[in-house]
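A quick write-up on the structure given underneath.
Naming convention: chains lettered A, B, ... in sequence-line order (proteins, then strands); numbering from 1 in each chain. Side-chain atoms are counted along with the backbone in the values below, which use heavy atoms only and exclude waters and symmetry mates.
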Amino acid sequence: MDDATISHLLITFGVLAGLLLVAPGLIWLERRLLALWQDRYGPNRAGPFGLLVVLADTLKLFFKEDWIPPFADKKVFVLAPAIVVITVLLSFVVIPFAPGIIVADMNIGLLFFLAMSSMGAYSIILGGWSSNNKYALLGSMRGAAQLISYEVFMGLSLMGVVLMTGSFSLIDIVEAQRYQWFIVPQFLGFVIFLIAGIAETHRLPFDIPEAESELIAGFHSEYSGMKFGLFFVGEYIGIMLISSMVTVLFLGGWYGPSFLPPLAWFIIKMFGFIFFFILLRASLPRPRYDQLMEFGWKILLPLSLLNLVVTGGIILWMNTH
Amino acid sequence: MFSIVRSMWLVFLHMFKKRVTIQYPEQKAKLPARWRGRIVLTRDPDMGERCVGCYLCAAACPVDCISLQATQDESGRRYPAFFRINFSRCIFCGYCEEACPTYAIQLIPDFEMGEYNRQNLVYEKQDLLIDSQGKYPGYNYYKVAGMAIQGKEKGAAINEEKPVDIHSLVP
């Protein structure tokens with residue numbers, strides 16, 4: 001093996017290990033931040049700042065009974081939680097963390113990300129369907145509708161960025177933001193992508209597939225033990241994915257003042273959005289299902305089309321003058 | 001739309017507010033003096049038991065967690081032979097305290113009664129009786145009641161009139 005292969009392997013496994021280590025840490029972070037915003041302490045007993053609660057949570061999940069309901073479709077039931085983790089982890093393949101720190105620089109990077117996040121919808125649908133439980137089925141139906149409709153303008157809102165860069169490769173997109181982040185010319189696209197991204201990870205306030213006050217736990221009502229844990233890990237890696245995508249597409253990726261290394265800038269921006277996601281959870285109530293759909297199709301879709309048309313028009317005009 | 005941003009901002013500002021959590025084992029909550037916790041039996045200022053075994057507390061108890069047996073000593077004072085409270089049943093409602101005519105049974109601000117063995121929650125008289133007058137210092141039932149005991153005749157109590165000689169009432 002030559003040096004390039006070894007460093008590539010190191011990056012690959014480094015990214016994988018980093019994600020799988022940070023994802024449970026996010027559970028701790030979320031609980032501490034929610035507590036902070038609700039004037040509480042959150043987990044602060046086990047270990048320094050309560051960090052060992054992550055270990056306790058994981059161990060607890062491993063020791064729980066791995067229950068498959070007798071009425072469930074066993075093969076699909078087992079497969080569903082794996083899909084969400086696999087698709088989300090695969091999406092990270094195209095994300096450039098810093099110059100040279102990327103698993104695979106594809107010229108269709110952005111499309112790959114969109115494809116993978118669409119595949120993630122299968123996990124919700126299959127999980128709810130195979131559970132053979134009415135609440136799980138309702139949750140998965142809502143989840144499918146939500147994910148598919150928000151997918152539409154999630155893709156459309158990104159096209160402005162693609163138009164301005166002229167490439168689907170995420171490295172090209174970051175490098176095009178060397179002097180000006182796309183959040184300035186593409187502010188509308190940024191807002192739409194952020195909202196659609198929250199809906200894609202079905203985080204609060206768009207946690208309609210889970211909606212514990214209405215549907216017990218929605219599509220993962222019947223799951224327990226590490227299968228439930230996988231849904232959880234998938235959700236948290238999903239948060240990281242959307243945060244890193246926003247960073248890459250709109251906030252200039254690794255670019256920042258040079259007193260910090262590029263990787264540090266990327267991580268700071270990413271965690272800024274993770275904080276924002278948790279703040280959303282702490283402050284906003286869940287909309288009704290039809291309100292969500294109306295908001296998506298009647299407001300966000302026209303806005304993203306408008307954004308696309310205006311961006312395209314300006315670029316065409318600038319090219320001809 | 002504005003209200004969404006506003007509520008997010010207001011929640012964010014809570015970051016800088018004081019936390020309301022009391023970190024319990026290290027930091028104790030301040031309990032008011034009349035907080036209803038562990039039940040005790042108090043003594044009068046002469047360190048005699050206040051309880052006269054009238055069963056009113058046991059009758060008032062909605063969960064039947066008090067049981068006792070009244071008896072008398074040679075001086076004529078009534079006292080409970082045994083007094084047992086099952087704290088695994090007690091709901092700390094305070095009805096026993098309200099029912100008690102002699103201020104003997106009292107609820108005090110203490111709740112740290114955790115046990116590993118359920119049987120240990122059954123408190124006997126020696127666990128309940130304290131060497132204190134509790135919330136009513138200076139009160140002594142036999143000093144104000146009209147009942148005669150050894151060393152105190154009828155009419156010898158505080159503010160009590162001498163008993164009427166019934167023969168003097170004969171016309």
Let me know if A:Leu284 has heavy atoms under 4.5 Å from chain B in its side chain, its backbone, both or neither. side chain

Residue B:Ile166 excluded, over 12 heavy atoms near CD1 under 6.0 Å: no

Value rounded to 0.5 Å, distance of CD in B:Gln23 from OH in A:Tyr41: 5.0 Å

Atom NZ of B:Lys135: over 12 foreign heavy atoms under 6.0 Å: yes

Please find the pair of heavy atoms, one from B:Arg19 and one from A:Arg40, that lie closest to each other, and give the distance. NH1-O, 2.8 Å

Please check if atom CZ in B:Arg34 has more than 12 non-hydrogen atoms from other residues, nucleotides or ligands closer than 6.0 Å. no

For A:Phe259, look at atom CZ and say whether over 12 heavy atoms of other residues, nucleotides or ligands are found less than 6.0 Å away. yes

From A:Leu36 atom CG to B:Lys17 atom NZ, the distance as rounded to the nearest 0.5 Å: 12.0 Å

Within residues 6-15 of chain B, which residues come under 4.5 Å of chain A, heavy atom to heavy atom? B:Ser7, B:Met8, B:Val11, B:Phe12, B:His14, B:Met15

More than 12 non-hydrogen atoms from neighbouring residues, nucleotides or ligands closer than 6.0 Å to CG on B:Asn159, yes or no? no

Is the count of non-hydrogen atoms from other residues, nucleotides or ligands lying under 6.0 Å from B:Gln126 atom CD greater than 12? yes

Flag if over 12 foreign heavy atoms under 6.0 Å of NZ, B:Lys152: yes

Are there more than 12 heavy atoms of other residues, nucleotides or ligands under 6.0 Å from atom CZ of A:Phe49? no

